Structures are given as C-alpha cells and as structure tokens.
Amino acid sequence: MSTEESLSRAEELLARLEAARGELDRLAEIEGGSPDRALEILAELSELAKSVEEELERAKRSAEADADKP
C-alpha cells in the first residue's frame with residue numbers, strides 16, 4: 001500500500017472516529033442514555049484509534065522506503 005493510500009485510509013478512519021465520538025456525546029446528553037450503547041461506542045473508538053495508528057505506521061514505513069530508493 002502506498003503512502004498516499006495509507007494516509008487516505010487513516011483520514012477515513014479518523015472521520016469514522018469523529019462520528020462515533022459525536023454519537024457518544026449525543027448519547028451522554030440524553031437523560032437515561034443507554035450505558036450498554038456507550039460501552040459499545042467506547043469499544044468502537046478504541047478499535048478505530050488502533051486502526052488509525054496502524055495506518056499511520058504503514059504510511060511512515062512506506063515513506064521511509066520511498067526515501068531510501070535511489
């Protein structure tokens with residue numbers, strides 16, 4: 001995967017992360033919001049954050065490999 005593809009994927013994942021965070025915020029504002037749903041969203045946020053980190057690492061490795069090419 002190229003650097004640009006990894007960065008694009010990371011941006012997509014960040015957008016999903018922001019959407020999930022927004023859902024969690026809305027859930028917190030609702031009186032009697034579902035604690036179970038909040039836990040699901042938190043788990044999703046954790047997984048998305050890990051995926052973003054992995055994509056950024058891929059992009060970094062790809063950029064370093066490209067820089068090493070003659």
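Remember, predicted model here, so these are calculated numbers, not experimental data.
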Give, for atom [atom1] of [X] and atom [atom2] of [Y], the distance between the pair rounded to the nearest 0.5 Å.
| X | Y | atom1 | atom2 | answer |
| --- | --- | --- | --- | --- |
| K69 | D66 | NZ | CG | 5.0 Å |
| E12 | L17 | CD | CG | 13.5 Å |
| E40 | L27 | CD | CG | 10.0 Å |

(Q) Looking at every non-hydrogen atom in both residues, tell me the closest pair between S62 and S2 and how far apart they are. (A) OG-C, 3.7 Å
Q.
How close do L48 and A20 get, counting heavy atoms only, and between which atoms?
A. CD1-CB, 4.5 Å
**Q.** Stepwise side chain to side chain contact (heavy atoms under 4.5 Å, CB included) test for L24 and R21
**A.** CA-CA 5 Å; L24 185 61; R21 190 189 61 76; 5.5 Å; no
Q | Salt bridge present between E5 and R58 (N-O < 4.0 angstrom) | A | no
Q: Please say which of R61, E55, E54 ends up in a side-chain contact (heavy atoms from CB on, under 4.5 Å) with E57.
A: R61
**Q.** Neighbour count >12 (heavy atoms, 6.0 Å) for atom CD, E53
**A.** no
**Q.** Under 3.5 Å: donor-acceptor pair, side chain of S51, backbone of E47
**A.** yes
Q) Does the T3 side chain pair with the main chain of A63, one donor and one acceptor, at a distance under 3.5 Å? A) yes
Q.
Under the criterion side chain to side chain contact (heavy atoms under 4.5 Å, CB included), I'd like the reasoning laid out for L56 against L7: C-alpha separation, chi angles, the key distance, then a yes or no.
A. CA-CA 7 Å; L56 292 175; L7 290 175; 4.1 Å; yes
